[in-house]
Colleague: 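Got a structure here, written out as structure tokens. Questions coming.
Worth saying up front: this structure is predicted, and the values here are computed from it rather than measured. Below, all heavy atoms of this structure are taken into account, side chains as well, without hydrogens, waters or symmetry copies.
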Amino acid sequence: MHVYEVRWMLRAMKLSRNQPCVAWRRHLYRFAAWCCLLLACLGAILPLLPVTPFLLCCLWFSAKADSRLVEWLLNHRRFGPPIRQWQRERSLSLATKRLVVAMLAANWIGLLALGVGRLGLLLSGVIFCGVILFICRIPTANTRHEASTIGSRCLLSTEQE
């Protein structure tokens, strides 16, 4: 875990290292963290259940519980990069945004194919459009800039040799 990530978490939660958490609270926070992680995993499968908010809640609860779950989440090959990117830039990648829009459209078409009534289609359509508008308002991560920076570092290192 990087130093800036620990500082960010301590600052975000206003925790002090001198104030230990009461044992029952620690267990309660740990239980809430695992529940949020379970909901995030279910959100990867089920429609209308978001993944990222539950991951962020899991990170917050596990940091309050002072558990190893924080390190596991931040170092996980699938969950770690979006969490670290959100911590650094407060942005989402373009691929993530496209995936959200595609999944919402597929879910709405699935509801249509299942024969859900007009009211259900209307309500889900309004909710899906609201989610899409919210996702579009979040800044997009600049991945091309990072790739060009990495490429220029490689060029500089080969030129120096």
Side-chain angles (χ1 to χ4, degrees), residues 1-15 28-114 116 118-154:
M1 184 183 309
H2 298 288
V3 174
Y4 71 88
E5 292 170 349
V6 174
R7 286 182 186 162
W8 173 83
M9 289 175 2
L10 290 174
R11 198 174 327 128
M13 294 172 293
K14 296 181 176 109
L15 285 179
L28 184 65
Y29 285 135
R30 190 172 291 141
F31 177 74
W34 282 103
C35 288
C36 287
L37 183 61
L38 176 66
L39 288 172
C41 291
L42 287 175
I45 301 167
L46 300 174
L48 289 178
L49 195 61
V51 176
T52 306
F54 287 118
L55 280 178
L56 293 175
C57 287
C58 177
L59 186 71
W60 187 81
F61 282 127
S62 58
K64 289 281 244 182
D66 198 27
S67 69
R68 292 175 287 173
L69 187 58
V70 174
E71 289 183 36
W72 180 79
L73 277 173
L74 290 173
N75 294 324
H76 193 272
R77 66 177 180 84
R78 180 75 177 140
F79 299 140
I83 293 172
R84 288 191 304 268
Q85 180 181 4
W86 180 259
Q87 286 177 341
R88 279 191 318 268
E89 304 173 16
R90 296 285 191 249
S91 64
L92 295 174
S93 68
L94 186 59
T96 301
K97 289 183 174 187
R98 288 180 180 165
L99 180 65
V100 167
V101 171
M103 293 300 289
L104 288 174
N107 282 315
W108 194 83
I109 291 170
L111 290 173
L112 183 65
L114 288 173
V116 174
R118 289 183 182 175
L119 182 62
L121 288 173
L122 179 68
L123 288 175
S124 63
V126 168
I127 291 170
F128 288 177
C129 287
V131 170
I132 290 171
L133 287 174
F134 175 74
I135 293 295
C136 289
R137 291 189 61 200
I138 295 174
T140 304
N142 190 2
T143 54
R144 289 185 183 178
H145 176 68
E146 292 171 3
S148 66
T149 305
I150 293 169
S152 65
R153 285 185 198 152
C154 293

Colleague: Verify side chain to side chain contact (heavy atoms under 4.5 Å, CB included) between Arg90 and Ile138, making sure each step is shown before the conclusion.
Modeller: CA-CA 8 Å; Arg90 296 285 191 249; Ile138 295 174; over 6 Å; no
Colleague: Looking at CZ of Arg118 and CG of Leu112, how far apart are the two atoms once the value is rounded to the nearest 0.5 Å?
Modeller: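 Atom-to-atom, Arg118:CZ and Leu112:CG are 11.5 Å apart.
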Colleague: Quick one: CG on Leu99 to CG on Leu94, what's the gap to the nearest 0.5 Å?
Modeller: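 Here the rounded value is 11.5 Å.
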Colleague: Quick test of your reading: applying side chain to side chain donor-acceptor pair (under 3.5 Å), list the pairs with at least one residue in residues 125-141, sequence neighbours left out, ordered by first then second residue.
Modeller: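 Passing the test, one end in residues 125-141: Lys97-Thr140.
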Colleague: Test of understanding: with ring-ring contact (aromatic ring centres under 6.0 Å, His included), list the residues that count as partners of Trp34, not counting sequence neighbours.
Modeller: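 In terms of ring-ring contact (aromatic ring centres under 6.0 Å, His included), with neighbours along the sequence ignored, Trp34 is linked to no residue.
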Colleague: Can any side-chain N or O of Ser62 pair as donor or acceptor with the backbone N or O of Cys58 at less than 3.5 Å?
Modeller: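 Looks like yes, one N/O pair under 3.5 Å.
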Colleague: Listed by chain and number, what are the side chain to side chain contact (heavy atoms under 4.5 Å, CB included) partners of Ala32, not counting sequence neighbours?
Modeller: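 Side chain to side chain contact (heavy atoms under 4.5 Å, CB included) check on Ala32 returns Phe61.
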Colleague: Look up atom SG in Cys36 and atom OH in Tyr29, then write down how far apart they are to the nearest 0.5 Å.
Modeller: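 So the gap between those two atoms works out to 12.5 Å.
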Colleague: Under 3.5 Å, side-chain donor or acceptor atoms of residues 124-134 against the rest of the protein: list the pairs with distances, not counting sequence neighbours.
Modeller:
unit_1 : atom_1 : unit_2 : atom_2 : d
Ser124 : OG     : Gly120 : O      : 2.9
Ser124 : OG     : Leu121 : O      : 3.1

Colleague: Find the distance between SG (Cys41) and CZ (Phe54) and round it off to the nearest 0.5 Å.
Modeller: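 It is 11.5 Å, given to the nearest 0.5 Å.
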Colleague: Going through the distances and angles, do Ile135 and Leu92 end up as a side chain to side chain contact (heavy atoms under 4.5 Å, CB included)?
Modeller: CA-CA 8 Å; Ile135 293 295; Leu92 295 174; 4.1 Å; yes
Colleague: Would you say Ser93 and Thr96 make side-chain contact, with heavy atoms under 4.5 Å?
Modeller: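 Side-chain contact under 4.5 Å: yes.
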Colleague: Side chain to side chain contact (heavy atoms under 4.5 Å, CB included), that's the test. Do Trp72 and Leu37 meet it? Break it down for me.
Modeller: CA-CA 12 Å; Trp72 180 79; Leu37 183 61; 3.8 Å; yes
